[in-house]
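Following: one structure in structure tokens, then a few remarks.
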Amino acid sequence: MKSLLFSFLMLFSVSSIKGQTQPWQGKFEPIDNMIKPPNTYRTASGAPGRDYWQQRADYKIKATLNESNNTISGEETITYYNNSPDDLSYLWIQLEQNVNKKGNEDFGSINNSIKEGMTSRQMQFLTRAIDFPAGYSIKYVKDSEGNNIKTMVNNTMMKVKLNTHLKSGESTSFSIAWSYPITDRSMYLLSREGYEYFPADDNTVYLIAHWFPRMAVYNDTEGWQNQQFQKLGEFALEFGDYDVEITVPEDHIIAATGLLQNSESVLTKTQRKRMDEARKSFDKPVMIITQEEAKANEKQKSKKQKTWKFKAKNVRDFAFASSRKFMWDAQAVKLPTNTVMAMSFYPKEGLPVWQEASTKAVMHALEVYSEATFDYPYPVAISVNTSNIGMEFPMISFNGGRPKNGKISNAAKQGMIGTIIHEVGHNWFPMIVSSDERKWMWMDEGLNTFLHQRTVAERYPDFNSVTPKSIVPFMSGDKNILRPIMTTSDSELMSQFGANFYLKPTVGLQMLRNSIIGKELFDEAFKEYANRWKYKHPNPGDLFRTLEDATATDLDWFYRGWFFTTDHVDMELSNVKWFKVYEKNSNIEDQSNSSKIKIETSGKSIQSQGQSEGFSNGPETITVSTTPDAAYGQFLSRIDEPQLRKQLSGKNIYEITIKNVGGLVMPITVEWVFVDGSKEINTIPAEVWRRNEYEIQKTFIKEKEVKEVNLDPNFEFADTNQENNSFPKVKQQSDFDSFKEKKGNN
């Protein structure tokens, strides 16, 4: 037995295809050595382990927004819970506003090239010729007894040196007083927050985010996540409860994370009555502040102040928007386990499209994402209009897209609605399924874009949406500069940022769902991942393992190629052979064509036609003979060869040869176009490439004669070159032939 097994293994270890021994093939090797190994914190199934832990931080914040000088100041108390097995002698605090200080290490790194014909704003991004104040002023850091705590600031991170060690299982409270100048969003690139000034009515909209000193993440995979904030890589944050008081001019309206606690103090009786109506309105939004009321409010410029109070439970961040310009509408959205208030805040400059479309888009996002993962757990979901880009925070998002003089193109409207859906969708990834954006941005942007595109496809079918074809130009690019998806956020080239972190993961998940795993099984696995890791901190390996665990599908080949390499899909249909089967009972050699093989008695003759002539010349002959007894070895049973011949009689047999030109293995879909005009599709799983990653042959039996064969007819796998996907091939005119024709014509 051992001898036979050894011989069998040796046969396949040195197997040759078409006479050539194949080199070592690694595209189907496990990715175990490429991701974090499982342990008691994170299991091999992709689920949190029995010893999984994460830290927690609760915040009490009192802040004041000063409109006269565009500053914000505050005092906060952080209660930090050390759930780790480690004792901590210091903590790390994030100070993201310091990234805007001139001279900090991020300055100029995103876009640092001068080009002819630059705009003044582009030159400002490069040179900061107009300087502006930015960054935190820390007044004090004190422990719960009022004693000063020593600190050290390194760019966007502050080290808090605890007066006593924080032991495992214990908590500590400390206070920070701080202030910073709010930056003008038009003054710098990638402005996720700040203020927008409206000169026509001398008013301002404030978008306040990553505005208070926040705890960095301490976790089981790397300890402190204290990587500097450099604008591209976003945030890694701990969950906690928030109790926030915000003092603003009396005529301002605030939209914020959490539930408003003192509506009777900050809203009028009419506004509160309208909110009660909105809580019962499931079919359309109710205007809480109308256009006329907002216009009147713009003219007040109150010097008095009022304080808004909010509470939010189990969130990882807090953001707010404040202005006297806001219109406000709200609508109830009924989910299976929760009723959510969908709201939009926008200046009159957003009319009419924001009043028509924003809250509706919020509703669609809530419904589709909840169905795909878990019901949205928070009480509100808010969309705030901004001048450009989009940015997400728990329960609130700042969304670009604004008409010009009340008019907006169809493309711009699609972009606006897509932005709202995308940013609301971030409530799931990463606000609840809390991956590390600073390190693995694709884990939130890619997964979120996948569901964002699903929402668009289901609720806005006339809109353009991402498909595998969308990623082809990127994957066809220069391999010398392309980088794999598994690249940390701040290491990505700006020119590749959107394609690599948004589109390519989205297309990969679409292929898994639609073409590799199947919708029903994939949807269960994706929902399993979301529910396993909600309110927790997953890593890439946790996602990869969960999708395999919940589908019983080996996907390491897909992860390796799609996420860890820059290979692309380019499958070439290099040859198709046609064989026709018929009975031939003769003991003589066929002399009609000396190149044909001898036909055996009682055998089946099969005719073949290769690629040089297409299918036009019909098949040529080869021989299928009766199997000799020696070929069966010691098996006593025999194939019913007459029955086999009967089953094949009159059938068309086609052998196709496919080459893997691009290097990325994928399943293969083959479309058969028959002579009578009908079509049929066969699917070959990716595993067909296991024994030869560069070229495979596959045989099919067809009742009808074939006119044409095509690979990937529905463009499921982002094949970068469809010109080599068909047989017979369309003769391509060479550049030299074209040159000769032109010379002849001249």
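All values reported here derive from a predicted model rather than from experimental measurement. When reading the values below, keep in mind they use all heavy atoms of this one structure, side chains included, and skip hydrogens, waters and symmetry mates.
In this structure, a donor-acceptor pair under 3.5 Å is present between the side chains of Arg185 and Asn388. Looking only at atom types and distance, the side chain of Asn338 has no donor-acceptor partner in the side chain of Asp375 under 3.5 Å away. A side-chain donor-acceptor contact under 3.5 Å links Thr79 and Ser173. If you check the side chains of Asp436 and Gln225, you find a donor sitting under 3.5 Å from an acceptor. Looking at Ser73 and Thr64, their side chains never bring a donor and an acceptor atom within 3.5 Å of each other. Neither side chain, Ser397 nor Ser383, offers a donor N or O lying under 3.5 Å from an acceptor on the other. If you check the side chains of Glu392 and Asn427, you find no donor sitting under 3.5 Å from an acceptor. If you check the side chains of Trp53 and Ser84, you find no donor sitting under 3.5 Å from an acceptor.
Two residues are said to be in side-chain contact when any heavy atoms from C-beta on lie closer than 4.5 Å; Gln305 and Glu250 fail this criterion. The side-chain heavy atoms of Asn448 and Tyr369, taken from C-beta on, include a pair separated by under 4.5 Å. Between Glu196 and Thr204 the shortest side-chain heavy-atom distance does not fall below 4.5 Å. For the pair Lys62 and Val244, the minimum side-chain heavy-atom distance is 4.5 Å or more. The closest side-chain heavy-atom distance from Met486 to Met34 is not below 4.5 Å. Inter-residue side-chain proximity for Trp533 and Ser435 is flagged as unmet; no heavy-atom pair is nearer than 4.5 Å.
The shortest non-hydrogen separation linking Phe429 to Ala530 is CZ-CB, 4.4 Å.
Annotation: the span from Glu222 atom CD to Lys36 atom NZ amounts to 7.0 Å, rounded to 0.5 Å. A distance of 6.5 Å separates CG in Leu91 from CG in Leu166, rounded to the nearest 0.5 Å.
Checking each of Glu193, Arg192, His426 against Met391 for a side-chain contact (heavy atoms from CB on, under 4.5 Å) leaves exactly one that passes, namely Arg192. The one candidate from Phe497, Phe450, Phe563, Tyr502 that meets the ring pair (Phe, Tyr, Trp, His ring centres under 6.0 Å) condition with Trp442 is Phe563.
Between Trp178 and Trp211, the two ring planes are perpendicular [angle over 60°; tilted spans 30° to 60°]. Between Phe326 and Phe345, the ring-plane angle classifies as perpendicular under the 30° and 60° cut-offs. Taking the six-membered ring for Trp and thresholds of 30 and 60 degrees, Tyr195 and Tyr206 have ring planes inclined between 30 and 60 degrees apart.
Checked against side-chain contact (heavy atoms from CB on, under 4.5 Å), Lys313 has the following partners two or more places apart in sequence or in another chain: Asp241.
Under a 3.5 Å cut-off, the side chain of Asn531 and the backbone N or O of Thr373 do form a donor-acceptor pair.
For Phe239 and Tyr535, the ring centers are positioned less than 6.0 Å apart.
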